[in-house]
Amino acid sequence: MWDYLKLVVLGVVAVSAAIAANYARDLAYMVNAMTIMLAAGITFLVVLRGMDEPKKINTGEYMDGVIRAGVIATTFWGVVGFLVGVVIASQLAFPQLNFEFLQGYGNFGRLRPLHTSAVIFAFGGNALIMSAFYVVQRTSAVRLFGGNLAWFTFWGYQLFIVLAATGYVLGATQGKEYAEPVWYVDIWLTIVWVSFLVVFAGTLMHRKEPHIYVANWFYLSMILTVAMLHLVNNLAVPVSIFGSAQVQLFSGVQDAMTQWWYGHNAVGFFLTAGFLGMMYYFVPKQAERPVFSYKLSIIHFWALIFLYIWAGPHHLHYTALPDWAATLGMVFSVVLWMPSWGGMINGLMTLSGAWDKLRTDPIIRMMVVSIGFYGMSTFEGPMMSIKAVNSLSHYTDWTIGHVHSGALGWNGMITFGVLYFLTPRLWNRERLYSLTLVSWHFWLATIGIVLYASSMWVTGIMEGLMWREVDANGFLVNAFADTVAAKFPMYVVRALGGGLYLTGGLIMAYNLWMTVRAQPAKAAVNANNAVPAE
């Protein structure tokens with residue numbers, strides 16, 4: 001009965017999408033509608049075929065198939081996001097790479113949001129979903145809640161990524177930082193995110209372990225807070241149900257305040273709290289040591305989630321935002337340094353008694369460096385929120401260097417470590433294909449980050465100083481074009497650093513592929529190679 005209902009819903013969605021594509025008022029909407037029609041049609045056929053051969057599900061085994069799919073998706077979208085990043089970095093250094101014959105679809109303005117969404121939401125989002133599914137099962141000793149709802153979350157999220165990406169290239173965007181997807185894509189993401197919450201929270205509620213491990217606290221805070229941020233920041237009224245254009249509910253300084261409340265907390269919860277969940281589970285597992293201080297991890301959690309939510313206004317110093325609001329954001333940002341470093345110290349000290357592993361285990365080396373970058377980024381961020389520093393750094397490439405030292409160093413490196421940890425276990429292999437390739441990846445990525453961040457720090461400070469330089473009469477000395485010309489060497493170095501990071505990502509993809517394809521399997525756990533949920 002349930003399968004028949006699914007077929008009816010999928011059929012209605014496919015037909016509705018076809019009608020919407022026919023009446024589309026812009027190209028992006030039409031392409032997105034056709035994508036939805038195709039996705040609904042394929043799902044319809046899959047469900048139909050599954051009715052002939054119903055699968056028996058052993059509820060006493062962990063649901064690892066969706067996590068394996070998540071590992072593949074994370075690796076794929078990571079390489080795509082890094083590649084687009086190298087392209088747009090090259091376009092900034094060499095503007096002639098904005099090819100006109102592509103009718104604008106391949107220029108910097110279209111590819112920049114594609115890059116940010118690919119690395120944050122496609123690469124980072126898939127990493128969070130698949131690692132959350134793995135951790136919550138292992139720490140709760142039960143199978144994922146909701147049957148195939150976890151698969152709906154996974155495939156629904158991939159559809160969101162494709163809809164958003166094609167929309168950017170074809171010009172459909174809200175023009176809001178980290179929140180570019182248009183209204184109907186936002187609605188779909190809301191549905192998918194709620195399913196993610198149901199699976200995660202349902203698994204916790206049915207856990208066999210009485211204690212909820214701290215990593216799950218971080219994951220759950222990420223899911224709940226991102227849901228709230230997404231709903232409020234994306235409040236809009238569509239111009240037409242057959243077009244991608246919308247009118248924002250907020251405007252002016254209220255819109256700016258809402259946007260940076262969202263933007264900074266997307267960093268704080270999506271890119272920090274969620275990835276701290278990874279740190280608190282996978283670093284102890286790889287180091288084969290317990291968390292240094294479980295009490296400190298609890299203090300870290302509560303202090304972080306209370307303070308982070310207030311920090312967004314520091315993005316709006318010297319704007320129309322009331323001074324008290326910007327100052328409040330600055331104060332909370334500075335105070336945030338303490339719990340952030342508490343978490344960093346907790347992660348690093350987990351290696352107490354196992355520091356020798358840094359010489360022999362490139363995976364733990366990658367994780368430790370990621371924690372180091374977390375510490376550096378969470379010191380630099382509060383410092384840059386101080387008004388005196390912000391007057392020099394804001395709107396310059398220093399901010400770009402700060403963001404990427406955190407994103408590439410913290411988020412990227414911890415995700416790489418998790419992918420290396422999970423792949424042999426999920427595919428029941430003896431070990432990774434090559435630890436030497438992991439070392440190559442580590443050094444290429446680390447050198448790439450150093451080149452990227454240092455070049456942006458240099459060019460950002462230079463840019464800020466050139467903007468504020470005045471002559472004896474109080475007139476500005478440098479035109480904007482002068483600063484652009486002066487930045488050329490550093491832009492080339494940035495593209496080179498990004499290229500090294502991309503090369504490391506490609507090496508990782510090859511290593512993971514060969515681990516699955518060429519490495520011998522361990523003894524089967526059971527006939528289906530599934531791990532008992534206990």
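Values below: every heavy atom of this structure, side chains too, minus hydrogens, waters and symmetry copies.
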A.B. asks: Of all residues at least two apart in sequence or in a different chain, which pass the ring pair (Phe, Tyr, Trp, His ring centres under 6.0 Å) check with Tyr308?
C.D. replies: His264

A.B. asks: Side-chain donor-acceptor pairs under 3.5 Å in residues 178-186, sequence neighbours left out?
C.D. replies:
{"residue": "Trp183", "atom": "NE1", "partner": "Gly243", "partner atom": "O", "Å": "2.9"}
{"residue": "Tyr184", "atom": "OH", "partner": "Asn32", "partner atom": "OD1", "Å": "2.7"}
{"residue": "Asp186", "atom": "OD2", "partner": "Gln174", "partner atom": "NE2", "Å": "3.1"}

A.B. asks: For the residue pair Arg138 and Tyr134, would you count it as a cation-pi contact if the rule is NZ or CZ under 6.0 angstrom from the ring centre and within 45 degrees of the ring axis?
C.D. replies: yes

A.B. asks: Apply ring pair (Phe, Tyr, Trp, His ring centres under 6.0 Å) to Trp440 and list each qualifying residue two or more places apart in sequence or on a separate chain.
C.D. replies: none

A.B. asks: Considering only distance and modelled atom types, tabulate donor-acceptor pairs under 3.5 Å from the side chains of residues 275-285, sequence neighbours left out.
C.D. replies:
{"residue": "Tyr280", "atom": "OH", "partner": "His300", "partner atom": "ND1", "Å": "2.9"}
{"residue": "Tyr280", "atom": "OH", "partner": "Asn346", "partner atom": "ND2", "Å": "3.3"}

A.B. asks: Would you check if the side chain of Thr166 reaches a backbone N or O of Leu163 as a donor-acceptor pair within less than 3.5 Å?
C.D. replies: yes

A.B. asks: Within the structure provided, determine whether Thr35 and Leu159 are in side-chain contact (heavy-atom separation under 4.5 Å).
C.D. replies: yes

A.B. asks: Apply the test side-chain hydrogen bond (donor to acceptor under 3.5 Å, both in side chains) to residues Trp77 and Gln158: give CA-CA distance (whole Å), side-chain angles for both, the deciding distance (0.1 Å), then the verdict.
C.D. replies: CA-CA 10 Å; Trp77 290 119; Gln158 308 316 305; 2.9 Å; yes

A.B. asks: Just by modelled atom types, is the Ser434 backbone N or O under 3.5 Å from a matching donor or acceptor in the Asn511 side chain?
C.D. replies: yes

A.B. asks: Is it the case that over 12 heavy atoms from other parts of the model lie below 6.0 angstrom from the CZ atom of Phe379?
C.D. replies: no

A.B. asks: Indicate yes or no: at least one non-hydrogen side-chain atom of Glu430 is less than 4.5 angstrom from one of Pro424.
C.D. replies: no

A.B. asks: Report the relative orientation of the aromatic rings in Tyr213 and Tyr294; use parallel for angles under 30°, tilted for 30 to 60°, perpendicular for over 60°.
C.D. replies: tilted

A.B. asks: Going by ring pair (Phe, Tyr, Trp, His ring centres under 6.0 Å), name the residues that satisfy it together with Phe269, two or more places apart in sequence or in a different chain.
C.D. replies: none

A.B. asks: Within 45° of the axis and under 6.0 Å from the centre of the six-membered ring of Tyr62, does NZ or CZ of Arg143 qualify?
C.D. replies: no

A.B. asks: Can you list the residues that meet the ring pair (Phe, Tyr, Trp, His ring centres under 6.0 Å) rule with Phe82, with sequence neighbours excluded?
C.D. replies: Phe123, Tyr501

